[in-house]
Number of protein chains: 2
Amino acid sequence: MTRPNALKLETFLPYRLSVVSNLVSDVIATAYERLFALKIPEWRLIAVIAESDGITQQNIGAKTRMDKVTVSRAAIALIDRTLIERRPNPDDGRSHRLYLTATGRILYEQVAPKALELEARIFAAFDTEQLVSFGQMLARIEQAALEAGEVS
Amino acid sequence: MTRPNALKLETFLPYRLSVVSNLVSDVIATAYERLFALKIPEWRLIAVIAESDGITQQNIGAKTRMDKVTVSRAAIALIDRTLIERRPNPDDGRSHRLYLTATGRILYEQVAPKALELEARIFAAFDTEQLVSFGQMLARIEQAALEAGEVS
DNA sequence: GCATTATGGTTTCAAATGATACTGGATTAT
DNA sequence: ATAATCCAGTATCATTTGAAACCATAATGC
């Protein structure tokens with residue numbers, strides 16, 4: 001008897017994608033926790049703020065697709081550790097602008113190379129062209145998923 | 001001032017991988033919840049059991065990398081809905097063998113095509129060759145992440 | 001201007017997740 | 001055989017996560 005719709009989980013791409021992504025996230029989360037006592041949302045904030053000094057939480061959420069609650073909590077945690085600071089936003093009294101402190105910048109300068117090194121190790125097997133193509137595929141998958149999702 | 005280590009989050013692959021994967025998972029989880037009232041771990045169990053009748057929870061965990069707690073909970077939920085059933089394992093009294101019930105098989109026969117259709121929609125932009133290459137890259141990334149992780 | 005509605009951010013609550021401890025059956029050593 | 005250890009699966013607990021309520025300020029309609 002042949003099954004009419006063979007759904008082999010091992011070859012089902014959404015499943016594979018999820019498994020591999022979770023594994024990678026886990027490896028990275030463990031490393032960051034151990035090296036810098038940073039959770040993933042926290043180091044993402046650091047990275048984004050380092051890139052875009054003075055950004056608001058709202059914009060961080062839009063950029064990273066992190067929930068605003070997650071962003072808020074990460075921000076508070078980083079402020080407590082004086083890795084970032086808030087200054088009033090002259091354009092909007094509800095929000096504030098986020099900046100790395102000196103300490104935060106020093107930390108960032110340690111985190112960034114470690115992050116890139118870890119990425120390099122995980123993606124070492126591929127040449128530049130493959131990496132570019134992989135990144136492009138991710139972008140197109142993202143686009144398609146967004147469209148598939150909004151149809152509901 | 002030039003930043004010595006440009007870590008552009010948008011081009012940082014582990015980050016991109018995580019964002020896209022979460023998005024895809026989310027779209028799929030929403031669809032399954034709406035169509036079949038199944039959570040992701042639950043339909044994974046259904047899919048695995050449909051593939052490997054009589055498998056134990058332990059083996060499901062190994063196959064899918066799901067935590068044994070997750071597997072246990074999903075199994076109990078499916079048993080409550082009489083979508084799967086347990087029979088004693090003659091080889092080992094601690095575990096049991098899992099089977100789809102008739103109802104479960106009927107459900108599976110609805111789920112599988114929907115799953116494949118959803119996958120097709122999300123990955124529609126690619127030709128077969130690209131999909132194969134994408135899957136191979138995932139496999140190699142998985143392998144590298146495992147190695148990077150165990151060094152710790 | 002004042003009322004209504006929208007929005008940035010926080011808090012609160014409920015659900016999901018996974019580490020740890022536990023239970024009962026299996027394996028190994030003596 | 002029986003003690004010691006190990007392992008499948010479950011229960012308990014702490015942590016993480018996001019939805020919804022909430023607060024304060026901003027924008028819009030009248």
In B/S/- notation (B base, S sugar-phosphate only, - none; protein heavy atoms under 4.0 Å), nucleotides 2-14 of chain D written 5' to 3' is -----BSBBB---
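- Taking every heavy atom of residues 37-48 of chain B and every atom of DNA chain C, pairs under 4.0 Å involve B/K39, by number.
- B/K63 NZ: more than 12 foreign heavy atoms inside a 6.0 Å radius.
- For DNA chain C, the span of nucleotides reached by chain B at under 4.0 Å from its heavy atoms goes, 5' to 3', from C/dA16 to C/dA26.
- In this structure, A/R97 does not pair ionically with A/E85, as no charged nitrogen and carboxylate oxygen lie closer than 4.0 Å.
- Comment: B/R73 does not engage B/E42 in a salt bridge, judged by the lack of any side-chain N to carboxylate O separation of less than 4.0 angstrom.
- Looking at residues two or more places apart in sequence or on another chain, you find a ring pair (Phe, Tyr, Trp, His ring centres under 6.0 Å) between A/Y32 and A/W43.
- With sequence neighbours excluded, no residue forms a salt bridge (Lys or Arg N to Asp or Glu O under 4.0 Å) with A/R81.
- For A/D92, the side chain to side chain donor-acceptor pair (under 3.5 Å) partners two or more places apart in sequence, or in a different chain, are A/R94.
- With sequence neighbours left out, B/R140 forms a side chain to side chain donor-acceptor pair (under 3.5 Å) with no residue at all.
- Geometric assessment of B/R87 against the ring of B/Y99 yields a positive cation-pi assignment under the 6.0 Å and 45° thresholds.
- Scanning residues 13-30 of chain B for heavy-atom distances under 4.0 Å to DNA chain C yields an empty list.
- For A/F36, there are no ring pair (Phe, Tyr, Trp, His ring centres under 6.0 Å) partners, not counting sequence neighbours.
- Not counting sequence neighbours, A/F126 has no partner by the ring pair (Phe, Tyr, Trp, His ring centres under 6.0 Å) test.
- Scored by the salt bridge (Lys or Arg N to Asp or Glu O under 4.0 Å) test, B/K68 finds no partners at all (sequence neighbours excluded).
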Donor-acceptor contacts under 3.5 Å from residues 20-27 of chain B side chains, at least two apart:
{"unit_1": "B/N22", "atom_1": "ND2", "unit_2": "B/S18", "atom_2": "O", "d": "3.3"}
{"unit_1": "B/S25", "atom_1": "OG", "unit_2": "B/S21", "atom_2": "O", "d": "3.1"}

